[in-house]
Student: 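Mind looking over this structure? Questions follow.
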Amino acid sequence: MPVPTMRPIGSRQSTPLCRLPRSPATFGSLVDTACCAPDATKPESFERLMGGELAEMGAVALLLVAACIVAYLWLRFVNWRFGLAALVANLHDVVIILGFFAFFQWEFSLAVLAGVLAVLGYSVNESVVVFDRVRENFRKMRRASVPEVIDAAITGVISRTIITHLCTQAMATTMFFFGGPALHYFALALTIGICFGIYSSVLVASPLLVWLRVKREWFAPSQKRRGRDENEGAVV
């Protein structure tokens, strides 16, 4: 008679999972004499266990990604305010995606978690584009106020943002209709994140810079000189 195999599952390796042979003649007797705990053979117990594992792994993944986002933007723009603004804008997209899945009771799986993390990375890229334009405008528009500088940056990148999101949405739509059940909710999470990411990286992250009191001096040093060099402007 084939012997069932068993292995522990879960992060704590505390619940055994029995693999039973597919032979119809021995399946009934193996179920009756299975060495697993009775609760472990119930589908609802297994689903509850895997759901808890998914929630735990998802929370850890989101925390790690959020920390990496803040650290990267802090180093890139030499100020923690940019990292905080991008983090709030990106978590805004994540909360909306999770809210849709919770409200409509859609299935949340590892594929959906991958979609949420993909939206986070995609939104970070859009925030970096806007912040780079803000930094560039600080150096060019020396007489403009901070809101005017940020408004000019948004105007300069809004067409690029819309075109990029539409191209990405075309890919997500293709996966949604032709990717099959395995990619259905993954593409749905991407679609929600892309639709709301159009304005979050532009109209949420940028105003937060004004609220956090971003200063021109961080990127455009004052042009005042201590004294005039007697050789300044000389042609050699």
Student: Tell me whether V134 shares a hydrophobic cluster with W211, the cluster being built from Ile, Leu, Val, Met, Phe, Trp, Tyr side chains joined at under 4.5 Å.
Tutor: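 As far as the 4.5 Å side-chain criterion goes, W211 and V134 are connected within one cluster.
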Student: Kindly write out the residues that satisfy salt bridge (Lys or Arg N to Asp or Glu O under 4.0 Å) with R135, not counting sequence neighbours, or none if the list is empty.
Tutor: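 For R135 the salt bridge (Lys or Arg N to Asp or Glu O under 4.0 Å) partners, ignoring immediate neighbours, are D132.
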Student: Any heavy-atom pair between the side chains of V119 and L190 that's under 4.5 Å?
Tutor: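 Of all side-chain heavy-atom pairs linking V119 with L190, at least one is under 4.5 Å.
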Student: What pair of heavy atoms forms the shortest contact from A205 to S127, and how long is it?
Tutor: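 Scanning both residues, the minimum pair turns out to be CB-OG, 4.5 Å.
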Student: Going by the side chain to side chain donor-acceptor pair (under 3.5 Å) test, which pairs reach into residues 173-198, not counting sequence neighbours?
Tutor: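 Every side chain to side chain donor-acceptor pair (under 3.5 Å) pair that includes a residue of residues 173-198, provided the two are not neighbours, is Q169-T173, Q169-T191.
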Student: State which residues pass salt bridge (Lys or Arg N to Asp or Glu O under 4.0 Å) with D151; sequence neighbours excluded, sorted by chain then number.
Tutor: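 In terms of salt bridge (Lys or Arg N to Asp or Glu O under 4.0 Å), with neighbours along the sequence ignored, D151 is linked to no residue.
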Student: How would you list, by chain and number, every residue that makes a side chain to side chain donor-acceptor pair (under 3.5 Å) with R160, sequence neighbours excluded?
Tutor: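 Result, side chain to side chain donor-acceptor pair (under 3.5 Å) vs R160: E126.
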Student: Taking side chain to side chain contact (heavy atoms under 4.5 Å, CB included) as the test, write out the residues that go with V88, two or more places apart.
Tutor: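 By the side chain to side chain contact (heavy atoms under 4.5 Å, CB included) rule, V88 matches L84, L208.
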Student: Mind checking the CG-CG spacing from L98 to L62? Nearest 0.5 Å is all I need.
Tutor: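 The CG atom of L62 is 7.5 Å from CG of L98, to the nearest 0.5 Å.
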Student: Side chain to side chain donor-acceptor pair (under 3.5 Å): which pairs involve residues 87-106, sequence neighbours left out?
Tutor: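 Those involving residues 87-106 are H92-Y199, D93-S123, D93-S200.
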Student: Let me check something: do M171 and F178 share a hydrophobic cluster, defined by ILVMFWY side-chain heavy atoms less than 4.5 Å apart, either directly or through other members?
Tutor: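 Same cluster.
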Student: I'd like to check the side chain to side chain donor-acceptor pair (under 3.5 Å) partners of Y122; sequence neighbours left out, ordered by chain and number.
Tutor: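 Only T168 meet the side chain to side chain donor-acceptor pair (under 3.5 Å) criterion with Y122.
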Student: For a quick test of reading the model, state the closest non-hydrogen atom pair linking F186 to V112 and the distance between them.
Tutor: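 So the two residues come closest at N-CG2, 4.5 Å.
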Student: Are I192 and F177 in one and the same hydrophobic cluster, where Ile, Leu, Val, Met, Phe, Trp and Tyr link if side-chain heavy atoms are under 4.5 Å apart?
Tutor: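 Yes; F177 is reachable from I192 via cluster members.
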Student: Please walk me through it: do L117 and L120 pass side chain to side chain contact (heavy atoms under 4.5 Å, CB included)?
Tutor: CA-CA 5 Å; L117 297 179; L120 268 178; 4.2 Å; yes
Student: Roughly how far apart are L63 CG and C68 SG, rounded to 0.5 Å?
Tutor: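 If we round to the nearest 0.5 Å, L63:CG and C68:SG are 11.0 Å apart.
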Student: Linking I/L/V/M/F/W/Y whenever their side-chain heavy atoms sit closer than 4.5 Å, directly or via other members, would F103 and V116 fall into one cluster?
Tutor: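 Hydrophobic grouping puts F103 with V116.
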Student: For T164, give me all partners under side chain to side chain donor-acceptor pair (under 3.5 Å), at least two apart in sequence or on another chain.
Tutor: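 For T164, no residue satisfies side chain to side chain donor-acceptor pair (under 3.5 Å) once neighbours in sequence are set aside.
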Student: Mind listing the closest non-hydrogen atom pair of S206 and I154 along with its distance?
Tutor: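 What the structure gives for the nearest pair is CB-CD1, 3.8 Å.
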Student: For residues 173-184, pull every pair meeting salt bridge (Lys or Arg N to Asp or Glu O under 4.0 Å), keeping only residues two or more places apart or in separate chains.
Tutor: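 Residue pairs with at least one partner in residues 173-184: there are none.
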Student: Only one of W74, Y72, F77 forms a ring-ring contact (aromatic ring centres under 6.0 Å, His included) with F131, so which one is it?
Tutor: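 Answer after filtering W74, Y72, F77: F77.
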Student: Determine, stepwise, if the pair V128 / L73 fulfils side chain to side chain contact (heavy atoms under 4.5 Å, CB included).
Tutor: CA-CA 8 Å; V128 169; L73 293 178; 3.4 Å; yes
Student: Measure across L209 and A85 and return the closest heavy-atom pair with its distance rounded to 0.1 Å.
Tutor: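 For L209 versus A85, the nearest heavy atoms are CD2-CB, 4.0 Å.
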Student: Which salt bridge (Lys or Arg N to Asp or Glu O under 4.0 Å) pairs, counting each pair once, include a residue from residues 63-73, with sequence neighbours left out?
Tutor: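 Every pair satisfying salt bridge (Lys or Arg N to Asp or Glu O under 4.0 Å) with a residue in residues 63-73: there are none.
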Student: Does L87 have any side chain to side chain contact (heavy atoms under 4.5 Å, CB included) partners at least two apart in sequence or in another chain, and if so, which?
Tutor: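 Testing L87 for side chain to side chain contact (heavy atoms under 4.5 Å, CB included), a comparison that skips the adjacent residues, returns A66, V70, L91.
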Student: Mind checking side chain to side chain donor-acceptor pair (under 3.5 Å) for R133 and listing every partner two or more places apart, or none if nothing turns up?
Tutor: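 Side chain to side chain donor-acceptor pair (under 3.5 Å) check on R133 returns nothing, list empty.
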Student: Let me check something: do L75 and F82 share a hydrophobic cluster, defined by ILVMFWY side-chain heavy atoms less than 4.5 Å apart, either directly or through other members?
Tutor: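 Not linked; separate clusters.
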Student: Atom CD1 of I150 and atom OG1 of T155: how far apart are they, to the nearest 0.5 Å?
Tutor: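 Rounded to the nearest 0.5 Å, the CD1-OG1 separation comes to 11.5 Å.
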